[in-house]
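Notes follow once the structure below has been shown.
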Amino acid sequence: MPFELPENLHPDCAPVAWMLGRWGGRGHGDYPTIEKFQFGQELVFTHDGRPFFHYFSRSWIVDENGEKVREAAQESGFLRCRPEGCATLLLTHNTGFAELWYGEAADGKLDLTTDAVVRTESAKEYTGGKRLYGNVEGDLLYAYDMAAMGQALQPHLWARLVRQ
């Protein structure tokens, strides 16, 4: 079934309209302070006509056969769209932190960098990140670089998700 833009799409959301809907697939994770892993993931972007999308993501660790081992990260927030492709992402995580991201969207790509990170006293040390989402052959590909646990900004997660 081909993707159709909603009739009530706010004009400021046009550069990220391709992200609307439910996405699912698998990805990989790596970082100097943890063992490499694979995960399954579901992303959902919804829109109600105002200049933002609601966003929700959940993931689970999978084994080498793709079987679910355990639940993993969840995040929820709002992708706020501004004129000329400017974007702000507000996120909260089940692991005890919240983030504010700024960036730009154009040509099937959304590029974001953290501006602020707030952590609870029980959250692991995390200081910032960079996210790149892209529409590649109709799929949603993303890469997430992270600075945490005394490590400099470097690759952490990457995935290819298909529209569900």
Side-chain angles (χ1 to χ4, degrees), residues 15-16 18-46 52-80 85-164:
V16 291
W18 65 271
M19 299 177 85
L20 282 170
R22 183 178 304 272
W23 301 85
R26 289 185 43 193
H28 302 271
D30 191 11
Y31 207 68
T33 60
I34 60 174
E35 290 187 29
K36 292 180 181 182
F37 61 95
Q38 293 184 45
F39 60 93
Q41 186 172 27
E42 175 185 50
L43 300 182
V44 180
F45 291 92
T46 62
F52 63 86
F53 293 171
H54 178 253
Y55 164 80
F56 175 75
S57 170
R58 68 182 190 96
S59 60
W60 50 94
I61 303 299
V62 298
D63 63 20
E64 59 278 351
N65 299 317
E67 298 296 320
K68 183 177 178 178
V69 174
R70 64 174 164 43
E71 296 293 331
Q74 290 186 20
E75 54 188 28
S76 182
F78 296 92
L79 176 58
R80 300 180 68 221
C86 294
T88 303
L89 180 63
L90 302 153
L91 282 182
T92 57
H93 301 258
N94 65 313
T95 52
F97 60 92
E99 303 162 288
L100 173 60
W101 300 75
Y102 287 112
E104 295 181 1
D107 303 321
K109 182 172 78 170
L110 175 62
D111 192 351
L112 300 162
T113 303
T114 50
D115 181 64
V117 176
V118 179
R119 297 180 289 131
T120 64
E121 77 284 348
S122 62
K124 291 182 179 179
E125 184 264 330
Y126 163 69
T127 57
K130 183 164 180 53
R131 291 180 182 225
L132 178 62
Y133 296 88
N135 181 344
V136 179
E137 300 170 347
D139 292 346
L140 189 157
L141 275 65
Y142 78 85
Y144 167 47
D145 295 350
M146 178 175 76
M149 307 303 291
Q151 303 291 314
L153 185 69
Q154 59 192 289
H156 175 45
L157 302 174
W158 56 98
R160 182 174 196 132
L161 308 176
V162 297
R163 190 175 298 282
Q164 304 289 296

Identify the two heavy atoms, one from [X] and one from [Y], that lie closest to each other, and give their separation to 0.1 Å.
| X | Y | result |
| --- | --- | --- |
| A105 | V16 | CB-CG1, 3.5 Å |
| V62 | F39 | CG2-N, 3.8 Å |
| A106 | P15 | N-CB, 4.5 Å |
| A159 | G27 | CB-CA, 3.6 Å |
| A98 | T92 | CB-CG2, 4.1 Å |
| K130 | L153 | N-CD1, 4.1 Å |

Keeping the roles fixed (side chain from [X], backbone from [Y]), state whether a donor-acceptor pair exists under 3.5 Å.
| X | Y | result |
| --- | --- | --- |
| T88 | R80 | no |
| H156 | D30 | yes |
| N65 | E67 | no |
| Q41 | G25 | no |
| E99 | T114 | no |
| Y31 | A148 | yes |
| T120 | G96 | yes |
| Q74 | A72 | no |
| S57 | L43 | no |

Hey, what do you get for [atom1] ([X]) to [atom2] ([Y]), rounding to the nearest 0.5 Å?
| X | Y | atom1 | atom2 | result |
| --- | --- | --- | --- | --- |
| T113 | R131 | OG1 | CZ | 11.5 Å |
| M146 | L157 | CE | CG | 7.0 Å |
| L91 | F97 | CG | CZ | 8.5 Å |
| R163 | M19 | CZ | CE | 10.0 Å |
| F37 | H28 | CZ | NE2 | 10.5 Å |
| E42 | R22 | CD | CZ | 4.5 Å |

| task | I would like to know whether S76 and H54 meet side chain to side chain contact (heavy atoms under 4.5 Å, CB included); could you show each step before the answer? | result | CA-CA 8 Å; S76 182; H54 178 253; 3.4 Å; yes
Greater than 12 external heavy atoms within 6.0 Å of [X]'s [atom1]:
| X | atom1 | answer |
| --- | --- | --- |
| R26 | CZ | yes |
| R119 | CZ | yes |
| E104 | CD | no |
| D63 | CG | yes |

Students often mix this up, so state it plainly: with edges at 30° and 60°, are the rings of F78 and F52 parallel, tilted or perpendicular?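 The rings of F78 and F52 stand perpendicular, inter-plane angle above 60°.
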Taking the six-membered ring for Trp, are Y142 and Y133 parallel (under 30°), tilted (30 to 60°) or perpendicular (over 60°)?
->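 Tilted, since the angle between the ring planes falls between 30° and 60°.
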Task: Steps toward side chain to side chain contact (heavy atoms under 4.5 Å, CB included) verdict (L140, W18) - done: CA-CA 9 Å; L140 189 157; W18 65 271; 3.9 Å; yes
Are Q164 and V44 side-chain neighbours, meaning at least one heavy-atom pair lies under 4.5 Å?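 Contact flag for Q164/V44 side chains = no.
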Does any non-hydrogen side-chain atom of W101 lie less than 4.5 Å from one of L110?
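L110 does not reach W101 side chain to side chain.
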Item checked: From CA spacing to verdict: side chain to side chain contact (heavy atoms under 4.5 Å, CB included), D139, L161 -> CA-CA 6 Å; D139 292 346; L161 308 176; over 6 Å; no
